[in-house]
Protein chains: 2
Amino acid sequence: MEMAERAPVSGAGAAVEPAGGASRPGGAAKRPGTRGRATASMADVARLAGVSSQTVSRVSNGYAGVNEETRRQVLAAMKELGYRPNSAARALKRGEFRTIGVITFTLSTTGNVRTLEAIATSAAAEGYAVTLLPVAVPTQDEVRGAFSRLEELAVDAVIVIMEVHLLDAATVILPPHVQVVVVDSDAGDRYTVVDTDQAGGTRTAVQHLLGLGHRTVWHLGGPEDSFAAQRRADAWREALVEAGRTPPPLVRGDWSAESGYHAGLELAAREDCTAVFAANDQMALGLLRALHERGRRVPEDVSVIGFDDIPEAGSFLPPLTTLHQDFAEVGRLCVQAVLRKMRRNDPEHGTTLVPTRLVHRESTAPPPEAR
Amino acid sequence: MEMAERAPVSGAGAAVEPAGGASRPGGAAKRPGTRGRATASMADVARLAGVSSQTVSRVSNGYAGVNEETRRQVLAAMKELGYRPNSAARALKRGEFRTIGVITFTLSTTGNVRTLEAIATSAAAEGYAVTLLPVAVPTQDEVRGAFSRLEELAVDAVIVIMEVHLLDAATVILPPHVQVVVVDSDAGDRYTVVDTDQAGGTRTAVQHLLGLGHRTVWHLGGPEDSFAAQRRADAWREALVEAGRTPPPLVRGDWSAESGYHAGLELAAREDCTAVFAANDQMALGLLRALHERGRRVPEDVSVIGFDDIPEAGSFLPPLTTLHQDFAEVGRLCVQAVLRKMRRNDPEHGTTLVPTRLVHRESTAPPPEAR
DNA sequence: GTGGCTGATGTTTGCGTAAACATCGTGGCG
DNA sequence: CGCCACGATGTTTACGCAAACATCAGCCAC
């Protein structure tokens, strides 16, 4: 921090030549491709300040027992040389990297991205960096590969934003000292989990529509291999049964707007379908298009409710009533949880659910027959 | 890789106690909170395999000159102890971290996210990890803070996904040995830049609409402080002037669908507006809603073209004609460029533009008067 | 046969940092 | 007055790894 305003690029390390060149046999030009200008080390700073390197270390780490005058000199020397602690050496010495690894299957869903962003922000606030490990194709080998790399990588803990069953085969190679927190799954018995309250949100959605007078609620679900989708579908069914209604057949999409459109064409053909709960906003978007094309008005003929509350949801035609997921909170809690586990070396698993919030816009209304 | 299928969690390091405990004075329980079970080091493996630690190193790094029999023994010992190279020590010794830092202002735009994803994937393919540094609020202090951290952080190079003018004040503290590549800017004279060909794409959009017979093309631009927006606006104006048309007044949004809606209400009121080029798809979405609400049909009365080709664009009402940005390619080229610069220690700046592609859907048509 | 060469392996050393321990004044107190 | 506690600083050492150099056996050529 203190050296934030040192000289611009080429002027760095101007006055004193950091040790190197002749004196160090092998290690002069460290950074590959750095024209021999090694970065200043603690020893260089110590020499310039006329103290021992240990004193530099003490200043660098903010220890109390350093004379004010000495401290000033050291800081001055640091500034002059543009000294930056070498994090590799630090990590080696301390045995921790101050880095959290995030493994994720894809960044193409809003949820994953927003969660990741929140994780990065929270981690930064705690002095941790975030290393990203995306897994392009979700074969088990891929996942395993990613984790293999993560282990050799400099991470103290791992947050997984991914359907947990993709992780199962990889579990065995998690090194015992790395704590893991998982998002987006219901594997609370085997992992520490932080997630949106899928079931609660779904119940809210269903009850909202029933409350408007709809006889039952159709569900445009996510793909079969997604636990989150499964969970929402289960909760939808339960909520209907609890209310004494008969759940209509489940219609599936794959989270994409396109798949929502296709499913929507089916639903539009059913006269008895007056209310649809879509498992995410993208599919709801496609659904809206299909209903529009088939002349079914929303919300007059059919009510639609989404899940996620993506930023665009308020601009759909009509603006979409949906369940807001607080991804920022999920990300924040992930970091909290993983750091707590790390610090306490806590092997216990816990599940933290973040509630959703119903955002009432213009895509839901009482059914035609109730008017 | 060889140790991918070693024993599950608790069985790690079963047979041989890695050195530690009594023999090492200070360094027994390294990882904080690890109940004293230190991870195995090269020395431990060497002891078990009955070779020197250097031979272990050679096996670990795949050097040729190791006897096949010896190699097998070492690999077996590694497996038994669950040995993983310590990346901190490796980084310290080698003087590089095999990590690229990505600094970005926000992950709420599709472009940034997709670019980031491509960067992470490409970097992984090159054996590099990606460390993420989001800057929540774009004040200069924030940016500076992020870079400060990056320097102490373990990165060999930096990719910036951010309007470059936000970076200017921070530049001075970039350490001289870190190569930088910037996305999303036109600062080719000061940085190496990889970006979508904004101007080319814009020209394509304008020409497409003029080609359909529209007298002129309106522009729903991005915020004033965005270079990308500025660039698209400039190119739009130029393309019109080149074609001998008079550019109508510029209407601005802030990239959001909401802002597109508000701007759209204005545009909908102008009878002479028959074609709009929106600077991104989100704003186009809002624009579509506004036009719909005001009874202006798309594309019969007004043609709309977007920019980005977000996944949802094909599900808009109507499906949006837009310019596809190849973010994956941008990300890939970023990694290529920054690694090349690193390896050659290349101080030269270059600009790489990735072309766009017109995706023709249903939101554009000839103007009413041409029919 | 002996010198040199090659391939396989061991030994030494140092990367930059920070804990542990050592030293060295100074001042307070018995 | 001398001893000791204490604050400030210096010295040693080890973190884990991998270059550089050293060693050593076997083998070929002259």
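Residue numbers start from 1 in every chain, and the chains themselves are labelled A, B, ... in the order their sequence lines are given, proteins ahead of strands. Bear in mind the structure is a predicted one, so any value in this text is a computation, not a measurement.
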Return the nearest nucleotide to the side chain of [X]; candidates are [options].
X: Tyr63(A); options: dA8(C), dG14(C), dA19(C); result: dA19(C)
X: Val66(A); options: dG16(D), dC17(D), dT9(D); result: dT9(D)
X: Tyr83(B); options: dT17(C), dA8(D), dC17(D); result: dC17(D)
X: Leu92(A); options: dT17(C), dG10(D), dG16(C); result: dG16(C)
X: Lys93(B); options: dA14(D), dG10(C), dC17(D); result: dC17(D)

Expressed in angstrom and rounded to an integer, what is the separation of Glu96(A) atom CD from dA19(C) atom C1'? 14 Å
Separation of dG16(C) atom P from Arg47(A) atom CZ, nearest Å, is 11 Å
Among residues 52-61 of chain B, which contact DNA chain D at a heavy-atom distance under 4.0 Å? Gln54(B), Ser57(B), Asn61(B)
Distance-only polar pair, side chains of Ser57(B) and Arg90(B), donor-acceptor under 3.5 Å: no
Regarding Thr131(B) and Thr131(A), do their side chains bring together a donor and an acceptor under 3.5 Å, going by distance alone? yes
As a check of understanding: the bend across the helix from dG1(C)-dC30(D) to dG30(C)-dC1(D), end axes from five pairs, rounded to 10 degrees, works out to 60°
Would you say a side-chain N or O of Arg94(B) is under 4.0 Å from OP1 or OP2 of dA18(D)? yes
Whether Asn61(A) side chain and Tyr63(A) backbone form a donor-acceptor pair below 3.5 Å: no
